[in-house]
Amino acid sequence: MAESISIIKERCSTENFNKISKIKNNHLHDFIAKFIGLLDPESVFICDDSTEDIEYIKKQALEEGEEKQLGITKHTIHFDGINDQARDKKRTKFFVPKNIEFGSGLNTIDKDEGLADINNIMSGIMAGKQLLVLFFTLGPKNSPFSIPAVQLTDSYYVAHSESILYRPGFSEFERLGDYGKFFKFIHSGGELEDAVSKNVDQRRIYIDTYEDTVYSANTQYGGNTLGLKKLAMRLGISRASRENWLTEHMFISGIKGPGGRTTYFAGAFPSMCGKTSTAMLKGETIVGDDIVYIRNIDGKARAVNVELGFFGIIQDINPDDDPIIWEILNSEHEVIFSNVLMTEDGDVFWNGKPGKVPEQGINFTGKWHPGKTDADGNEIKPSHKNARFTASLENLSNLDPRYDDPQGVEIGGIVYGGRDSDTWMPVFEAYGWTHGIITTGASLESETTAATLGKTGVRVFNPMSNLDFISIPFGKYVEINIDFGNSMKSPPKIFGVNYFLKGEDGGYLNSKLDKMIWLKWMELRIHGEADAIDAGIGSIPEFEDLKDLFKKVLEKDYTQKDYIRQFTLRIPENLAKIDRIIKIYKDIGKGVPEALFKVLEEQKARLTELAGRKGDYISPLDL
Ligand code: SPV
Ligand code: MN
């Protein structure tokens, strides 16, 4: 449509029009023109990734009040509104065209109805504002993994955040020419009051996996607005399911083994279960902390970090447990803090930050002082529990040298872990790919903590830690995971971990650093350099191997007593878990692969038989 380019021209300065003219892509021009028509911005800014353009975005974020300058030059703070502090699950919906069955458990809306609703909400929503057009690639450039993406937004904060978190893509769009399979994100914060979205009750996050498009309106919180993060992840899961690869909610890290070799692991953990700390283990290297694409390349599972930065939870970050992140947050590197406390002298404070709690400051509720309460009389902490920091991975001292490798890194092991006080052992290896996907990944649960509303200690089902993002029927999602590994001659080994196992006295059986040992043991297993014991749920470490590793890595004397307490097979708890998982998948019903029930029933039979011979609780020495 030649018409599209003239619609764009009308709202652009000559300079901006020259930029967009460099990309010869009719699909892109049509898309931008269509949304200029709907959103009705006063002007359009095209970001070509030049330093000047990025600086312009940062300057505008400060000028418009979406960010405030902090004491350190490259540090700013952003506040989201009081009721806009997290992902809005209720108002996040998938479009479903007529006559298509999407399966149960997903929040869906009829496509025509959804489109009518969002067109109504977005109609003229950018009147008087500037539309920003930004280009990125998900995954490394020029790689079999990369997916180009375009973001339309009226938020300089969203644009600034994405410029830190993602790989620039303007030149990639230029190179690709008339290419149509890019992801498309349209966001507007809507009407703002004191620089925060005013109409959060009109918040919408609508996902059209059939058109690779996501709409987000009347919200600013990153999880709802950063198109390339969790919005792209849902599009990625759909696309991957059609093309036989995987989009997963995982970190990637490189674990060092004997002789200085590096073995790469990818891992999924529900939030507050040790995902970031596993990605950032002392002495190891990080490729990514949140989202990965995994492909079968020449018979090997290879993976990339989709992103290039952290949008990480800041609560409890301290120099002892998180020395590398602490260093980033206290240096001259670029950081956007969100929803922490800002003090008069331009410093920040968050819940769990060592040091004295400031006497006063500004947080997401406005002026704050210790003891401030909300309308229900509950104490307001200095920072929101979901307060975050946005920073590039590229400044990390433990960044893996292959973090941007267009071919990805070869994944040797996949790790699944949840918060589990009484069932899983600290570490175990599945019998094989299908067994691992079914009994660990697809059976993942996590106990609620004091950090979430409601009762603590309740087990929440969260398959592959992807519950909130699965954009295809659940059964199909499990099936593509199974099929993916089985398409390879030697797929990655799968491991389960549990950092939260407790003893009879209610205390944790492991210290925070023990996870370093579990990863080292997995590394040896992948290379066939450690033996294991069959425990009915999979294979578990031998005492001597752990003893050696504890000594070598942590200079700790690991005792047989600790080993027995940590690795006693708890059969009643394991059987109860299998029953819970079978029930969940029976309730999902249609589309769940038969293999899932078969493998879970086999595990049940194995454990029941073991209990008959050796009792309900079996020491690893008796297995
Ligand atoms: C998560 O909640 O898993 C996050 C943050 O990584 S958000 O972008 O909100 O999804
Ligand atoms: Mn995440």
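Each residue takes its place number in the sequence, starting with 1. Order of listing sets the numbers, starting from 1, for every ligand and every atom in it. Being a predicted model, the structure only gives us computed values, none of them experimental.
Atoms CD1 and NZ, on Ile118 and Lys93 in that order, are 11.0 Å from each other to the nearest 0.5 Å.
Not one N or O on the side chain of Asn339 forms a donor-acceptor pair closer than 3.5 Å with the backbone of Arg388.
The aromatic rings of Tyr221 and Phe311 sit tilted relative to each other, their planes meeting at an angle between 30° and 60°.
Only one option out of Glu67, Gln60, Lys58 pairs with His160 in a side chain to side chain donor-acceptor pair (under 3.5 Å); it is Glu67.
For atom 7 (S) of ligand 1, the nearest non-hydrogen atom of the protein is Arg87 NE, 3.6 Å. Counting only heavy atoms of the protein, atom 9 (O) of ligand 1 lies nearest to Tyr221 OH, 2.7 Å. The protein heavy atom nearest to atom 1 (C) of ligand 1 is Lys230 NZ, 3.4 Å.
Of the polar atoms of Lys229, none of the N or O atoms is found under 3.5 Å from an N or O of ligand 1, judged by distance alone.
Per-residue contacts place His249 under 4.0 angstrom from the following atoms of ligand 1 (heavy atoms of the residue considered): 3 (O). For ligand 1, the atoms closer than 4.0 angstrom to any heavy atom of Phe311 are 8 (O). Which parts of ligand 1 touch Arg388 is read off a 4.0 Å heavy-atom cut-off, strictly below it: atoms 2 (O), 4 (C), 5 (C).
Heavy atoms of other residues, nucleotides or ligands lying less than 6.0 angstrom from NZ of Lys476 number 12 at most.
Looking at Asp290 against ligand 1, only its side chain comes within 4.0 Å, counting heavy atoms.
Within Asp290, OD1 is the N, O or S atom that lies nearest to the Mn ion (ligand 2).
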Just do the side chain to side chain donor-acceptor pair (under 3.5 Å) check on Thr219 and Ser197 with the steps written out, would you?
CA-CA 6 Å; Thr219 172; Ser197 292; 5.8 Å; no
- Query: Could you walk me through whether Leu152 and Leu132 pass the side chain to side chain contact (heavy atoms under 4.5 Å, CB included) check?
  - Reply: CA-CA 6 Å; Leu152 308 186; Leu132 311 174; over 6 Å; no
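Put simply, Lys230 gets within reach of the Mn ion (ligand 2), with an N, O or S atom under 2.8 Å from it.
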